[in-house]
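Note: hydrogens, waters and symmetry copies are ignored here, and every other heavy atom, side chains too, is used.
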Amino acid sequence: MSSRMITRKTGAVLLICSMFLSLCGCNALSKKDVVAAAKEVAENIEDFDADKLLDLSTLSKKSDKAEDLRKGLNGEYLDENTKKFCTAVRKTFTYEIREDSFSISGNEASIDIDFTMADYESILKKDYKDIDELVSAVKNTDDFTTVTYTARFVKEDKEWRLDNLMSSNFLKLFAFMDADIGALAVDFSKLVNTKRSTWQGADNDTYKNTKKLSLLVSFNEEISKLKGKGVKVTYDVAKDGFDVWKSDPIEIGDKNTLLLEYSKDIDPNAELRSNYLSAGMYGFTLKADNGTFLYAATVNVVVAVTETRSGTGNTNSNGYKFYDSEFASRVMSAAWVNVDNKRVNAVSYGSDATRISFQMQMDPSTTEPIYFAFYYAVNTAGALKINVRTDTPAISGEGTPIVNSNGTFFALGLKSKTGQSMKSGIYILAMFSRDKQTLLGIAECQILPNPTSAYQ
């Protein structure tokens, strides 16, 4: 073999080695540039910055996909509560660029980026009372999942530009934005259409002589999202600022309206006057079963009826009559009592009586005091003129239930201040609810002009 041949072969080997070293050096530089480009992409994915991602990509900023990216990352396709959930998940994003996955072929290159985020699927398997509790669970979770995005780049004008923005591989990163958060997607504070919710049968938010209150609650379109979700509500009823009744849970979602009612049939303890709901300001408060406030409304109730004038003829043969059915249902027995053996019959006492007493045995559940007032008339004609609503009583006070071994009692009496005989005439006892609004009943007795012995 000639020395010339050896020289030619050696030169060829040196040329190949030189080309190989040049190619390796070029790839090393390209890898560095691609990693830098991938880092910038990853940071803007973390920030949900659509415009910067478009600047880094080959995707036309005027394309439909570009517009979808902007609206999607801005949350324009989400309701407010789902947006809060997605923001919480996004804030858990971290990334790692896997340089060992780098590959290059001419002006095309790819590299894997691992995004770690809260494992939202695991989190959503639990129940939460409201969106704030769900957001807190995302923020404080110890469960994470990793999604790999293979970023593909092309070299244009000496810059590596992302070439698979909005690809299926890219969109996997945002699958959590399509997650169903169930009933929590609904903003309960905006669920009720307040302008269309009305009191049924009321005149200017006032009921007159009514036995029932009816509030028709109208919902916004979001109510349809709750269908079949098992969401329940309750409503409280208050009178003059005091809670009087609470409903059982009611499932919502099937209808756009919900009728809330209150009456004696619904609440056996509802206070009545002349067989109507007693006067006052009533308030309904609607809440989700977990306590979340939905809606509240108030209505005024007035009672305007012709009052039964007290006096002879307004009681039965035993000297009493109840005008409130609910109160009457709790009276087990009632009578004028022969407290000092001066009673002549069921409703009369001799002139030597020094006191009178009307007693009622009540259902043991009775705890509420009543207001009572005594009126006096010389004769029947005078008694017929007494109106227990407007006239000034001889004496009045609060009667408190007395509980002893024999039961629960009201003992409403009147006695002479001096211990001497009481004046003969008609004595009228009027009994009212504690607030003096509802006439519960009237009892009458008479002190005769002669002593007890004269009638024996």
Is it the case that the ring center of [Y] lies less than 6.0 angstrom away from the ring center of [X]?
X: F284; Y: W199; answer: yes
X: F327; Y: F322; answer: yes
X: Y262; Y: Y235; answer: no

Residues 211-227 side chain polar contacts: donor-acceptor under 3.5 Å, at least two apart:
| from | atom 1 | to | atom 2 | distance (Å) |
| --- | --- | --- | --- | --- |
| S214 | OG | E261 | OE2 | 3.4 |
| N220 | ND2 | K190 | O | 2.6 |
| S224 | OG | E221 | O | 3.0 |

Exercise for review: Compute whether any side-chain donor of one residue and acceptor of the other, for N204 and T206, lie under 3.5 angstrom apart.
Suggested key: no
Exercise for review: Please check if any side-chain donor atom of T82 sits under 3.5 Å from a side-chain acceptor atom of E80, or the reverse.
Suggested key: no
Check your understanding: Less than 4.0 Å between a side-chain N and a carboxylate O, is that true for D114 and R98?
Key -> yes
Check your understanding: Does the side chain of M362 come within less than 4.5 Å of P401's, by heavy atoms?
Key -> no
Review point. Do the non-hydrogen side-chain atoms of V41 and L53 ever get within less than 4.5 Å of each other?
Key: yes
Review point. How far does OG1 of T366 sit from CE of M332, to the nearest 0.5 angstrom?
Key: 9.5 Å
Review point. Out of I113, I97, I111, which residue meets the side chain to side chain contact (heavy atoms under 4.5 Å, CB included) rule with K39?
Key: I97
Point to revise | Counterpart residues, salt bridge (charged side-chain N to carboxylate O under 4.0 Å, His left out), relative to E133 (two or more places apart) | key: none
Practice item. Test T58 against D163 for side-chain hydrogen bond (donor to acceptor under 3.5 Å, both in side chains), laying out the working first. Key: CA-CA 5 Å; T58 59; D163 198 38; 2.6 Å; yes
Please tabulate, for the side chains in residues 102-109, all donor-acceptor contacts under 3.5 angstrom to protein atoms that are two or more places apart in sequence or on a different chain.
| from | atom 1 | to | atom 2 | distance (Å) |
| --- | --- | --- | --- | --- |
| S103 | OG | S110 | OG | 2.8 |

Check your understanding: Counting N and O atoms only, with roles assigned by atom type, does the side chain of T141 sit under 3.5 Å from a partner on the main chain of V138, one being a donor and the other an acceptor?
Key -> no
